[in-house]
Amino acid sequence: MAKAYDVQGIERKWQRRWLENGDYEVDRDDPRPHCYVLCMYPYPSGPAHQGHVRNYTFGDLMVRYRTMKGYAVLSPIGFDSFGLPAENAAIATGVHPRVFTEQRIDELRESLVSLGAVYDWRREVRSHDPAYMRWNQVIFKRLFDAGLAYRGTASVNWCPGCKTVLANEQVLSDGTCERSGDQVAKRSLEQWFFRITAYAEELLADLEALEWPERVKVMQKNWIGRSVGAEVDLPVEGRPGIAIRVFTTRPDTLFGMTYAVLAPEHPMVKELTAPECRSEVEALVERSRKLSEIERTSSGGGLAKRGAFTGSRVVNPVTGKPVPLYIADYVLMSYGTGAIMAVPAEDERDWEFAQLHGLPIVRTVEVPESFDGGAWTGDGLKINSEWLDGLSIQEAIERAIAWLEGHEVGRRAVKYRLRDWLVSRQRYWGCPIPVVYCESCGIVTVPDEQLPVLAPDDVQLLPTGESPLASHDGFVNTTCPKCSQRARRETDTMDTFVDSSWYFLRFCDPWSDNKPFDMDAVKQWMPVDQYIGGIEHAILHLMYARFFTKALADVGFVPEGMREPFSRLFTQGMIRLGGTKMSKSKGNLVAPSAYFDTVGADALRLYHLFVGPPAEDVDWSEQTGELIEGCSRFLDRVWRLALSDDGGSPAESSRAANLSDRAGLQQDPVSTAPQRSATEQLRRAVHRAVAKVSEDFDRWSYNTAVAACMELANAIPRWRRAGASIEVVDEAIDTLILLLAPMTPHLAAEVWERRHGQGAAVHREKWPVFDPQLLVEDRVTMVVQVNGKVRDRVEVDASTSEEEAVRYALGSPKVQDALGHAAPTRVVARPPNLVNLVIARD
RNA sequence: GCCCGGAUGGCGUAAUUGGUAAACGCGGUGGACUCAAAAUCCAUUGCUCGAAAGGGCGUGCGGGUUCGAGUCCCGCUCCGGGCACCA
């Protein structure tokens, strides 16, 4: 397809110029108001894919738009350069992960530049850069000193084939290892954790004030999973001083507790198991240990609700009666207290379990007459509960808690689903945890001046699944920084989510070499005004980054009071590659570079902006190629409209005819009435477009902003043909270019320079303003309905009164026909838009 | 199972406070330019009845509120996403 202009030449020219001019490099002392726009930094996987294009186009639009609005916009970029793919590639090909990664970074950076996205490249951050790793490790140490990083035992995913711990994402839904295919088991191992649960309440409460998509907030809320209830201590019968602590959200149901259950991993299991029950209990403990959590929890139904009687009994504190104590794999050690009081009448799992084991069921809530099911979890009045009878559930909960506290056998309690963040990874390509194990001193952190701890290059990356660092003697064997005795280095590296939990802070001051970042710089730029990224990070990354911001404030790196990193979040939709019928040859897998080389980056950007609402998913389909062509055609039309004398309409006129047209206008400065009208109409169209595009930019409605620009581009030749003045036509074209500048920056820059001469730069221009008065139409089309159906349209004055409107409406012959020339029984007048005449039909 | 989100022409979609459904684009059809094609431009394009004028129908389905519903309420269906023995 022949382009109207040299797309590649122009795009390269401006990409180079933006870099050289440093237009988007901002410093702290910039007098303009500050603004921080950030796209989630990418994992460098090679040349950009369409998801990147979408993300960075949205971000770039915002950066350029805010800049034109007069802000000093901080627009940094970097690379999330630690991670598994590089290590796996290294295992497969023998190329060192650093070499592999840096090649991928170069390719991705090249793509971003080709897209026309502008950044303050001086601030580029890479997670694997020793200068970044050093501060990562310093932060780890500060968290450790503050008690926010600790070593603990965790039940983790263990792959017997790979002999390593797996992240949850590496375990397939059938409970097997994604790499070896082995059945993954649970194993108790010593691992490093961050105490994110210490912030559970704050992470939940602070969500409220964030301008984030509601669904992301809901996901985080559910993830944190706050539940309010009570802890109850159940004394073990015949074992003075020993009690099982359980957590319940329904202390009102205490009278219905007919048994209690321990998680198989509960520390008291051994002690409370009677000899005659031992073999059955141990078999169950063994069985549940072998199963992955996924297997243990996903099968559902009665089979999985297997339990075993321990032989012990616990005493129900409100009735004083003993009830049997079981273990069952549906009770999880990692939630609550790892033990529950079971109330089969009001809990579905307990009901099922009780049925299976022949345990008694006592209803404590009145069930509706029509209900003939099992457990009743709905509302109702308390029954069979002595001093709670007749109360509502809510009242009874309060009363029960008061009773428990009064008798010192329980207390109000809040539990969270959120677990502490396991950060240990048995991997090479990550940031080493800066810790040494000394036989006499125990856990010792590496002194700051010895940081960063770097992994050696000469490791054997073999597909054993074991941490390559563990078998590197030179790395493992070290001396204790405290006592200088022989010591062993920690060989685990940090989860890469650690790197991405504070990079946005480093961006404020990536030059600091005596601290992670300067606090004043953070104060000036943070929080991020607009964060943009994929919905897939709704929980993990965004939760971790929030936690880090709070924790870093508490350990003194981040200004006090800065508790949230991202004030406003936008999550873009994903690109879907349709159903199975998609074929590789149909172009759905075509890399962005294929478009850069043909229609150009601007056309591809425009497509991503135009195809639909930014927040919604996009199907990359057979039609996509044609839509991109359409965007490319529109840009050609703009080019001709702005730069050729005939306005891109060969059929309309020759060059000569056009010139005489202009000459005619100049000879007659006092325009004739229709000409003035066309001029006026065009001017209004321009102001409407400015208003619409500005508003749409602010409300993330880029697809309609593009439509508004297309409308303006269509209007210009029409009104020019109708005789609009040359000045207003020129102004209209210039305005169109300004509006397009954030969306299709290369074309806008080139056209602007050609129209305004060397040195003119559209992106340094002010964003156009509109005159609200010009948005108000003086003549509007009024709809006349009869019984709610449109029967006629009348053009009226915008100031038309109700009486006039009704008179016009009744004056229409079509309306009279529809009325059957009878008088309406009811008239609803909403001038100047609508009149509805209602006539009773019999 | 629970919690979110969605469903509008042949297709992507628009309709911001209940007030002209389909803006903008893709595709289609007809035409202009051309020796011809491409490119470009113009016109047309929800479905349906009708020669036309004009009429009827139309926002996943069934009800409701209203002078008036894509928009609000109740009850469903289907699709997408999140969580999923969390006590």
Side-chain angles (χ1 to χ4, degrees), chain A residues 1-4 213-219 221-223 225 227 229 246-250 253 261 293 296-301 304-305 328-332 334-343 347-350 352-353 415-419 535-536 538-539 574 576 607 610-613 615-619 621-631 633-634 636-637 640 648-652 692 695-696 699 701 703-711 713-714 717 781-790 793 814 817 824-830 833-839:
Chain A
M1 171 193 171
K3 290 291 293 181
E214 208 46 45
R215 63 174 173 149
V216 175
K217 292 208 230 177
V218 168
M219 278 191 232
K221 227 175 266 177
N222 293 340
W223 190 261
S227 25
V246 300
F247 173 71
T248 179
T249 54
R250 294 287 304 274
T253 61
V261 189
E293 185 150 347
R296 188 166 143 189
T297 60
S298 65
S299 36
K305 299 212 186 324
D329 64 4
Y330 78 92
V331 176
L332 307 175
S334 52
Y335 182 76
T337 59
I340 61 162
M341 56 178 239
V343 187
D347 183 286
E348 276 158 20
R349 292 153 311 178
D350 296 348
E352 200 180 327
F353 190 88
K415 298 287 176 196
Y416 302 90
R417 206 191 73 108
L418 184 71
R419 321 272 171 89
I535 186 73
E536 65 273 20
I539 296 173
M574 293 180 302
R576 280 193 313 238
Y607 159 77
F610 187 51
V611 67
E616 271 164 41
D617 289 353
V618 181
D619 269 313
S621 73
E622 280 100 50
Q623 204 201 2
T624 300
E626 284 161 349
L627 296 180
I628 295 173
E629 282 296 320
C631 289
R633 263 200 307 269
F634 168 70
D636 287 349
R637 210 154 63 234
R640 287 190 300 267
S649 176
E652 180 191 343
K692 176 78 177 148
E695 190 191 347
D696 286 351
R699 67 182 182 115
S701 185
N703 51 331
T704 53
V706 174
C709 288
M710 289 174 168
E711 243 174 302
N714 291 340
T781 303
M782 184 179 81
V783 168
V784 185
Q785 298 180 332
V786 175
N787 288 340
K789 285 185 179 170
V790 179
R793 295 176 170 87
K814 287 181 188 170
D817 277 354
T825 49
R826 178 163 179 186
V827 176
V828 181
R830 294 283 179 277
N833 296 315
L834 174 136
V835 170
N836 189 11
L837 304 170
V838 184
I839 183 160

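Just so you know, these numbers come straight off a predicted model, no measurement behind them.
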Where each residue is assigned the nucleotide of RNA chain B containing its nearest heavy atom, which of A/Asn222 and A/Val618 is assigned the position nearer the 5′ end?
A/Asn222
Could you identify the nucleotide paired to B/rA22, looking across every strand shown and requiring Watson-Crick or G-U wobble geometry with both distances under 3.5 Å?
none
Just how far, in rounded Å, is P of B/rC85 from OH of A/Tyr330?
13 Å
Do A/Lys692 and B/rU16 have a side chain to base donor-acceptor pair shorter than 3.5 Å?
yes
Pull out every protein N or O sitting under 3.5 Å from an N or O of nucleotides 27-31 of chain B, one pair per line with the distance.
unit_1, atom_1, unit_2, atom_2, d
B/rG27, OP2, A/Arg633, NH2, 3.3

How is A/Arg417 classified with respect to the nucleic acid when contacts are heavy atoms under 4.0 Å: base, sugar-phosphate, or nothing?
base
Counting heavy atoms from C-beta on, name the nucleotide in B/rC24, B/rG82, B/rA14 closest to the side chain of A/Met710.
B/rC24
5' priority, RNA chain B, between A/Trp223 and A/Asp347 [closest heavy atom]:
A/Trp223
Sequence neighbours left out, what passes side chain to side chain donor-acceptor pair (under 3.5 Å) with A/Thr704? Give chain and number order.
A/Asp696, A/Ser701
Given atom CD1 of A/Ile628 and atom P of B/rG12, what is their separation to the nearest angstrom?
16 Å
Between B/rA14, B/rG82, B/rA87, which nucleotide gets closest to the side-chain atoms of A/Pro613?
B/rA14
So A/Phe353 and A/Tyr330, would you call those rings parallel, tilted or perpendicular, with 30° and 60° as cut-offs?
tilted
Base, sugar-phosphate, or nothing: which does A/Thr337 touch, judged by heavy atoms less than 4.0 Å apart?
nothing
So, is A/Lys789 near the phosphate of B/rU20, with a side-chain N or O under 4.0 Å from OP1 or OP2?
no
Answer with base, sugar-phosphate or nothing: what part of the nucleic acid does A/Gly225 contact at a heavy-atom distance below 4.0 Å?
nothing
Quick one: which of B/rC3, B/rC4, B/rU13 gets closest to the side chain of A/Arg215?
B/rC4
For the student: nearest non-hydrogen atoms of A/Asn787 and A/Val838, plus distance:
OD1-CA, 3.3 Å
On a heavy-atom basis, the closest approach of A/Val786 and A/Ile839 is CG1-CG2, 4.3 Å
For A/Glu536 and B/rG81, give me the distance from atom CD to atom P, rounded to whole Å.
13 Å
Using a cut-off of less than 4.0 Å, is there contact between a side-chain N or O of A/Asn714 and OP1 or OP2 of B/rG25?
yes
Base, sugar-phosphate, or nothing: which does A/Glu214 touch, judged by heavy atoms less than 4.0 Å apart?
nothing
Does B/rC78 have a Watson-Crick or wobble mate here (both distances under 3.5 Å), and if so which one?
B/rG6
Indicate the atoms forming the closest heavy-atom contact of A/Ser227 with A/Thr249, along with that distance.
CB-CG2, 3.8 Å
Considering only side-chain heavy atoms of A/Arg576, which listed nucleotide, B/rG80, B/rA87, B/rC86, is closest?
B/rG80
If B/rG50 has a Watson-Crick or G-U wobble mate with both distances under 3.5 Å, name it; if not, just say none.
none
Among B/rC26, B/rU20, B/rC85, the one nearest A/Arg793 by side-chain distance:
B/rU20
Paired with B/rU34: which nucleotide, if any, by Watson-Crick or G-U wobble criteria at under 3.5 Å for both distances?
none
Report, one pair per line, the protein and nucleotides 65-68 of chain B atoms (nitrogen or oxygen only) whose separation is under 3.5 Å.
unit_1, atom_1, unit_2, atom_2, d
B/rC67, OP1, A/Arg826, NH1, 2.8
B/rC67, O2', A/Asn836, ND2, 3.2
B/rC67, O2, A/Asn836, ND2, 2.7

A/Arg637 (side chain) and B/rC41 (base): donor-acceptor pair under 3.5 Å:
no
A/Arg417 atom CZ, over 12 foreign heavy atoms within 6.0 Å
yes
Under a 3.5 Å limit on both distances, the Watson-Crick or wobble mate of B/rU29 is B/rA43
